Amino acid sequence: MSTEEKSAAPRSLAEALRVRDDVSLAALLRSRPDLITPVPTDLTQLATRAGTRASVVRALERLDRFTLQTAEALAVAPDPASYGELLALMGGDEEDPVVAAALPRAAALLREQALVWGADDRLRLVRTARELLAPSPQHPSPTGLGPTVREATAGMSPGRIQEILGAVGLPSTHDSVSAVSALGALFADRRRMAALLAGLPEESREVLARLVWGPPYGQVTHDPAAHLRALLDRGLLLPTAPGTVVLPREVALHLRAGQAHRTPEPVPPPVEVAASHRPQVVDATAAGQALAALATVDELLKEWDEGGPAVLRAGGLSVRDLKRTAVALDVPEPVAAFWVELAYGAGLIASDGEADERYAATPAYDEWRELPPAERWAHLAAVWLTATRTPGVVGGRDAKDRTLSALGPNLDRSAAPEVRHRVLALLAGLPEGASPVEESVLARLRWERPLRGPGGGQRETGSSRDDDLRSRIARWTLSEAELLGVTGRGASAAPGRALIGAPEAPRPAAETAAEAEPEGPGDKLPVRHHRMPPAVSPPTAAERAAATATAARLLAPLFPEPLDHVLLQADLTAVAPGPLVRDLADVLGVLADVESKGGATVYRFTPGSVRRALDAGQSAADLHAFLARHSRTPVPQPLTYLIDDVARRHGRLRVGTASAYVRCDDDATLDEILADKRAAGLGLRRLAPTVLAAQADPAALLDGLRALGFAPAAESAAGDVLIARADSHRTPPRTAPEPVPDGPPAPDDTLLSAAIRAVRAGDLASTTPRKPGPGGGEGGGEDAAPGGTLPRTGAAETLATMQAAVLTGEALWIGYVNAEGAASQRVIAPIRVEGGFVTAYDHTADEVRTYPLHRVTGVAELADDGG
């Protein structure tokens, strides 16, 4: 390297950032958004922030496995290292061509993220990253390498070092520094090291083989065996503590043929195809699941319409209430937790906030029900994709060993949206109709975000349980996507691909040929995803809304048209051969109980269900007319008799508030009730021939009389029959829970552009050379220090310099104190000076501003370019 090139080479990370263009700075701030919060004042502050421990740890955690391996290799390389030395560490003496082809991308990514700086002949890992990744006894390196000879002999006596030199055939030196350098040079020399190792006993070489890939530390007794003594005498094992020895890094690299990692992973593992299906089958299956998902959410909300389970004191559902909900939905408890959390995340259920706090439907549920089915599904799917609340952890334990409950606190996992989106993207990249091997998806995610953090141990941001969280979220994503209808038969469906913004897959013109192809295992299909996807900004709100609308548009044709009829049967059942229009489904859901679900839904009419419809304000005539209007078969006579029989007895008894009372025009019926021993608990007594008083409250009295086989109706204070409606209870308006972001949000293009302008301008103000200020004079006389010290000049000198700059058009460096007393330095080009104010173009703010002259602490001229 020439003298001019050396002088031009950056001497710090700040200088390396200073020569970057705006596109490169924008890429850095986009990939590490914590650097822009708040906006740095100049590039020196940006470089300082990029080297802080928290920021570096976060950046390292977001590297893929090969890029992280590259950083780990730089941490054990000389500082600085050349690109050739880095390639030798990654590819070994044989220089693996796959590693050589992938290394430029990894090095460029480390440079882009300001983890590495310098030219190719002087690559430097930022100091904090080196401290995190370099081997140490407390934090072993994932490379399995130990300390260098220089580091391992730091506390060794000079005499012992000279003894090692003699044992390996090197001449003695006058000082320990040159002795250690000679020993390190010997261990790094392939030819001489091969000769040295060839003279060792076989047992000694076996010890080195056990330590070569790590961990590099071993234990020895105070009187080691002869084969261990041979290694200790030659410095091939060096003592680090009493009874502990270490394999020096140079020796290990020789035994490894120069490789820093046992298994470099330059290529991401492919996502393997488990089976292939026709795209039409996948989309139809997904649409069926989507329809079932809407029905399940509807059923859950109807179950909680009149007031759902009580809210625990610590928040959330009790275990018993979750079990009841699972039984009502006829699903396992983890699946019930998923549906409950999905409805909660969509803002359809919430706490009512009353004294006896319970969960109930929100007003947003009524608005959601009015949407077309495809839009209702798209809303649920979009909420699921971006939610940080993770129902899969329900039933687990938090940091304080408390059970995590559905709808309770501490369910947010900030990595969930990213993992869900990435899993769906991997599925969307497979051949159309192909379902993946689950383990291959998990392996790919582990490569993209290694589970192990800096230093090879657990990440500093979590425990081992946190390290495995991404894999668990991925497994949950695959099962939840199938439940929700984002995928069908494990393959990505067209609406699911649209949901993440993936392009629509082209369909062949003649689908008959595709339909004739048999389904089978997908091991013959081409495998994709051998390259990393390009880094993209997170979608904006408008892009997410457009993707949701596209998903709804693609799903709508896949839904069957809702039916306006059912098939009544003589066994008191009704069969709905498909989804029903909402009005029919609502009334039928009150008049009958769902007996089975599937492609066709079977409803059963019972005395209790008919009474429920009568309680809701329907009359027998209304029910007969409804069934005749919506049945494609004649109304069976048993069903007609059932409705008439229940209606004849319905309302003959009236229950009101006394505590409660029962009135009936037929005193014989009241006699029958009083004579029944099962009514003793109701505390009934006769007030009049047609009136009974009760100690129980009206609700308990209604339930008790129905248990006795009667069909009482509730009565208002005015004596009218109370109509019980299923949608009678709603919470006040509630806001859906907001996702918890995983760190600072990614900046948009507008913020990036403004931040880069501000940083550039601030850097100009802090680095532009200044001319020395004039000496002497009261209030002045101090030279303008080029190191950033604010200039100090008197008022007269400040005014004169400003006026001269207006005439010459030159830029000035000023010190300025704002109204809050905060001092800053700025580079301005004065345009006008009048009335105690200076109007100037402020290079620091990149705009024209006006400053009071009395707040300018001093002014200095900028030096010429060559000065």
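Computed from a predicted structure; not experimentally measured.
The pair Arg446-Asp468 does not count as a salt bridge, with every side-chain nitrogen at least 4.0 angstrom from each carboxylate oxygen. Salt bridge status for Glu448 with Arg444: present, with a side-chain N to carboxylate O gap under 4.0 Å. Ion pairing of Glu370 with Arg582 is present here, as a side-chain N (NZ or NE/NH1/NH2) and a carboxylate O approach within less than 4.0 Å. A salt bridge links Arg376 and Asp298; the closest N-O separation between the charged side-chain nitrogens and carboxylate oxygens is under 4.0 Å. Taking 4.0 Å as the cut-off between side-chain N and carboxylate O, Asp321 and Arg324 count as a salt-bridged pair. Classification of Asp283 and Arg278 as a salt-bridged pair fails, no side-chain N sitting under 4.0 Å from a carboxylate O.
In terms of heavy atoms, Ala494 sits closest to Leu554 at O-CD1, 3.7 Å. Closest of all the heavy-atom pairs between Arg734 and Ala350 is CG-CB, 3.6 Å.
Side-chain atoms of Trp377 come within 3.5 Å of backbone atoms of Leu484 as a donor-acceptor pair (strictly under, hydrogens ignored). Remark: side-chain polar atoms of Glu357 are not paired, donor with acceptor, to backbone N or O of Ala310 under 3.5 angstrom. Formation of a donor-acceptor pair under 3.5 Å by the Thr573 side chain with backbone atoms of Gln569 is not found in this model.
Residues Leu294 and Phe559 meet the side-chain proximity criterion, which asks for heavy atoms closer than 4.5 Å. Contact check for Pro560 versus Leu291: side-chain heavy atoms found under the 4.5 Å cut-off.
Each of Leu567, Leu563, Val566 was evaluated against Arg632; a single residue qualifies, Leu567, per the side-chain contact (heavy atoms from CB on, under 4.5 Å) test.
Contacts classified as side-chain hydrogen bond (donor to acceptor under 3.5 Å, both in side chains) and involving residues 330-343 (residues at least two apart or in different chains) are given here: Glu341-Arg389.
Taken from CG in Leu445 to CG in Asp64, the straight-line distance is 12.5 Å, to the nearest 0.5 Å. The line from CZ of Arg358 to CH2 of Trp304 is 10.5 Å long, rounded to the nearest 0.5 Å. Between the OG atom of Ser318 and the CG atom of Leu312 there is a distance of 5.5 Å, given to the nearest 0.5 Å.
Side-chain contact, Arg544 with Thr386: no donor N or O sits under 3.5 Å from an acceptor N or O.
Applying the side chain to side chain donor-acceptor pair (under 3.5 Å) criterion to Ser440, with sequence neighbours excluded, gives no partner residue. Arg475 meets the side chain to side chain donor-acceptor pair (under 3.5 Å) test with Glu438, Glu439; sequence neighbours excluded.
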**OP:** Report the C-alpha distance between Asp749 and Arg30 in whole Å, list the side-chain angles of each, state the deciding distance to 0.1 Å, and finish with yes or no for salt bridge (Lys or Arg N to Asp or Glu O under 4.0 Å).
**Re:** CA-CA 9 Å; Asp749 292 339; Arg30 188 178 288 112; 3.3 Å; yes

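Within a 6.0 Å sphere centred on CZ of Arg629, heavy atoms belonging to other residues, nucleotides or ligands number more than 12.
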